[in-house]
Peer 1: 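Structure incoming, see below.
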Protein chains: 2
Amino acid sequence: MVSKRRRPTINQVAKEVGVSKATVSRAFSRADMLSKETVERVLKVAREIGYVPNQAARALSTGQHGNIGLIVPDIANPFIPPLISTVQSQSEEADYCVFLGNSDELPEREDRLAKRFSGQVEGLILVSSRLSDDRIRHYAAELPVILVNRDLEGIPRILIDSAVGVTEAMAHLASLGHKHIVYVSGPPKSWSNTQRKKTVKSQGKRLNLQTTNIAANPPSYEAGFKVVEKIVASGATAAIAFDDIIAQGLLAGLASMGIETPGQFSVIGCDDVLGAVTYPQLTSISSAAGEAGRIAARTCIELLENKAMSDIRYVLDTHLVIRDTTGVFPQK
Amino acid sequence: MVSKRRRPTINQVAKEVGVSKATVSRAFSRADMLSKETVERVLKVAREIGYVPNQAARALSTGQHGNIGLIVPDIANPFIPPLISTVQSQSEEADYCVFLGNSDELPEREDRLAKRFSGQVEGLILVSSRLSDDRIRHYAAELPVILVNRDLEGIPRILIDSAVGVTEAMAHLASLGHKHIVYVSGPPKSWSNTQRKKTVKSQGKRLNLQTTNIAANPPSYEAGFKVVEKIVASGATAAIAFDDIIAQGLLAGLASMGIETPGQFSVIGCDDVLGAVTYPQLTSISSAAGEAGRIAARTCIELLENKAMSDIRYVLDTHLVIRDTTGVFPQK
DNA sequence: ATTAATTAAGCAAACGGTTGCATAATGTCA
DNA sequence: TGACATTATGCAACCGTTTGCTTAATTAAT
């Protein structure tokens, strides 16, 4: 049986110290209003009897919960954990706790989570939100909402701009002699995907290369594996995948067809989350997800602190990290 | 500027419907006490004016917050996300929100998180806790605590038992002809690591194989890479790594020394988190982290619901998944 | 020495729900 | 038809803080 041992309350501390509960309260939140000695006495007793301010009561009274909500589409996607991690540590520094939600890419689920969270958090960070513009604005009217990889005017947003990285990747492939490049696309509604696809196309035009778009749906290792046949049939000699997981699928698929990487075919991933912990090391477009998380959390906290809300739009650059899965074509 | 638009309260709904706030309250939490029509009228008005019960007030009144806390040592470790994911979805089903904390393997940080969480959650799930026995018991006295991969008597715990998987791995290597096997160990304080190390040793003895223990510290890809030299120098022909990331480091290190896998050296990982999304596919010991999360969450919720607390100790088996990084030695 | 300003602490009313007890209305049974 | 359950609702205390307003005590200014 769990003993229903109640936590000590502010009243007990007050009685023990011989002051009013207002004084105890202030010893914790407005110490500057009290004399040094009083604060010390209160804190000492509080420590002794194990008093910890009741968050719920505080939240009820102040309307502040000291939490921030973070909703991501898929924790299992290696792009996400570094982001969670930095949001977490930034929040902790500012003494906020993080509510985590996983939407599994389902808009309804994301909506449910947002609804549930909105009552107990100061701010909401939505990563690659699949919510409609309307719903996002609905929540943004209630509390600060920060978007990562979703571009919605008027809502603070952090965008990881693949354009630079993809441009570098295309140039890299062109310099290696490739003439036909496939973009293996991911979630159709994703802002990142759209942007990468567009950039591949435009850069192909500029560099005078043929480009083809082939979808890996749903975006996964298996989908990457399966789609290889189609890619090879297209006559392309290199591929840029929506993310590193699909890229790994491509590598496996190519190997299963007896096609060597990078000898006969080059592969570039996106996000650079697997590249450095995998062998052979994947050439990939680095996404600075951690950085995005850091900025999202900081923006959120700043917004909470000075309540000023301006139209914020951070754009983070990406860069190509060349490793071992891209090579010269045709092979000499 | 954020408009300080207050959410509608129970009183507004009550006034609008023409009932007491007690009735509104019951319409949401104890609908069975009211007549069907009353409940309907209340809910209708509530929906219209956008009333949502205030969690903080509810928590203050009932002492129930509707949250459960989850503290993990390192989100970036691929073993963790599937676990988070299942905890999350199980909790959601029972209408709990998840507080996530990342301790970065630091006991002090874990303690801070636990302290902060304990006031706003019903239950706490600690994964691979680095906390002292005392601290854990301290929290367990305040609220239900569930341990994953930590074996502490009297506290409900879910253990992923590597013994079976490691035993299978040793047998597999023995059958391939290997005579000297290295265990590449991870965090020294980790229960899992200790267990794996012990099993390698005992199985080595049983199968009449030489075994050596070499530490990769801190456990990482780089550490795995670096340690290869020592491993090769030991004369071993196969290695079992503490986790898949170290295993990948080993693969890279071996390749850099011109040693072929699995031709000249075999590698087995643990946790099986990278094996299936990586090429070449890693032979690994599957850990069922998701399953552990599911059981942890369910146990926690059950504990909360019927308050009965018995000494629970779940043990989950692991199994070897043979893929492409283990082979016959000596090569024919 | 008197008045004004400053500082430290207390009083009591919120904050928005829940819930034990009381009450009124309806139904049941002998 | 009176006594007794049963059902649906209201009343009001309580949960543990915060905070605007007061008061008392001390210091500064004239």
Side-chain angles (χ1 to χ4, degrees), chain A residues 4-43 45-46 49-67 95 116 118-122 142-143, chain B residues 4-43 45-46 49-67 95 116 118-122 142-143:
Chain A
K4 199 76 190 175
R5 176 149 54 110
R6 279 209 180 296
R7 295 167 153 257
T9 78
I10 206 172
N11 278 305
Q12 297 176 37
V13 179
K15 194 180 295 176
E16 185 82 16
V17 182
V19 296
S20 76
K21 57 182 187 168
T23 300
V24 177
S25 169
R26 292 197 256 257
F28 279 87
S29 41
R30 303 286 319 267
D32 54 301
M33 289 182 70
L34 266 37
S35 74
K36 263 196 156 44
E37 311 88 60
T38 309
V39 173
E40 261 172 34
R41 265 193 311 152
V42 170
L43 259 34
V45 171
I49 70 178
Y51 166 74
V52 178
N54 178 320
Q55 272 291 132
R58 188 177 265 184
L60 178 58
S61 186
T62 63
Q64 307 280 106
H65 311 253
N67 302 322
D95 217 40
R116 184 80 206 280
S118 63
Q120 3 187 14
V121 302
E122 315 310 314
E142 277 191 21
L143 78 175
Chain B
K4 200 78 191 176
R5 176 151 52 113
R6 278 210 181 294
R7 293 164 155 257
T9 77
I10 205 172
N11 279 303
Q12 299 176 35
V13 180
K15 194 180 293 175
E16 185 82 14
V17 183
V19 294
S20 75
K21 59 181 188 167
T23 300
V24 177
S25 170
R26 292 196 256 256
F28 280 87
S29 42
R30 303 287 318 267
D32 55 300
M33 289 181 70
L34 267 35
S35 74
K36 264 198 154 41
E37 312 86 60
T38 308
V39 173
E40 262 171 34
R41 266 193 311 151
V42 171
L43 260 32
V45 172
I49 69 178
Y51 166 76
V52 178
N54 177 321
Q55 271 293 133
R58 189 176 263 184
L60 177 59
S61 184
T62 62
Q64 307 280 106
H65 310 254
N67 301 322
D95 216 40
R116 183 81 203 282
S118 62
Q120 6 189 12
V121 303
E122 314 310 314
E142 278 190 20
L143 78 175

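All values reported here derive from a predicted model rather than from experimental measurement. Just so it is clear: chains get the letters A, B, ... in the order the sequence lines come, proteins before strands, and each one is counted from 1.
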Peer 1: Ser61(B): what forms a side-chain contact (heavy atoms from CB on, under 4.5 Å) with it, not counting sequence neighbours?
Peer 2: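 Checked Ser61(B) against side-chain contact (heavy atoms from CB on, under 4.5 Å); zero matches.
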Peer 1: With sequence neighbours excluded, what pairs up with Gln120(A) under the side-chain contact (heavy atoms from CB on, under 4.5 Å) test?
Peer 2: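 Listed in chain order: His65(A), Phe99(A), Arg116(A), Gln55(B), Asn67(B), Cys97(B).
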Peer 1: Just by protein heavy atoms under 4.0 Å, how would nucleotides 11-19 of chain C read 5' to 3' in B, S and -?
Peer 2: B---BBBBB
Peer 1: How many angstroms lie between CD in Gln64(A) and CZ in Arg58(A), if you round to the nearest 0.5 Å?
Peer 2: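 Answer rounded to 0.5 Å: 11.0 Å.
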Peer 1: Is there any side chain to side chain donor-acceptor pair (under 3.5 Å) pair reaching into residues 24-33 of chain B, and which pairs are they, with sequence neighbours excluded?
Peer 2: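 Residue pairs passing side chain to side chain donor-acceptor pair (under 3.5 Å), neighbours aside: none found.
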Peer 1: I'd like to check the side-chain hydrogen bond (donor to acceptor under 3.5 Å, both in side chains) partners of Thr62(A); sequence neighbours left out, ordered by chain and number.
Peer 2: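 None.
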Peer 1: Apply side-chain contact (heavy atoms from CB on, under 4.5 Å) to Val39(B) and list each qualifying residue two or more places apart in sequence or on a separate chain.
Peer 2: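 Listed in chain order: Ala31(B), Leu34(B), Leu43(B).
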Peer 1: Going 5' to 3' along DNA chain D, between which two nucleotides do contacts with chain A fall, using a heavy-atom cut-off of 4.0 Å?
Peer 2: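 That gives a stretch of dG16(D) to dG20(D).
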Peer 1: Val24(A) and Val17(A): side-chain contact (heavy atoms from CB on, under 4.5 Å), yes or no, with the steps?
Peer 2: CA-CA 9 Å; Val24(A) 177; Val17(A) 182; 5.5 Å; no
Peer 1: Based on the rotation axes of five pairs at each end, what angle does the helix from dA1(C)-dT30(D) to dA30(C)-dT1(D) bend through, to 10°?
Peer 2: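 Terminal axis comparison yields 40°.
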Peer 1: The criterion is side-chain hydrogen bond (donor to acceptor under 3.5 Å, both in side chains); which residues satisfy it with Ser118(A), sequence neighbours excluded?
Peer 2: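 If we apply the side-chain hydrogen bond (donor to acceptor under 3.5 Å, both in side chains) test to Ser118(A), skipping adjacent residues, the hits are Arg7(B).
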Peer 1: To the closest 0.5 Å, what do you measure between OG1 (Thr9(B)) and CG (Asn54(B))?
Peer 2: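 Nearest 0.5 Å value for the OG1-CG distance: 9.5 Å.
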Peer 1: For residues Tyr51(B) and Pro8(B), report the shortest heavy-atom separation together with the two atoms involved.
Peer 2: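 Where Tyr51(B) meets Pro8(B) most closely, the heavy atoms are CD1-O, 3.2 Å.
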Peer 1: Could you tell me how far apart Met33(B) (CE) and dA24(C) (C1') are, to the nearest whole angstrom?
Peer 2: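 Distance, rounded to whole Å: 15 Å.
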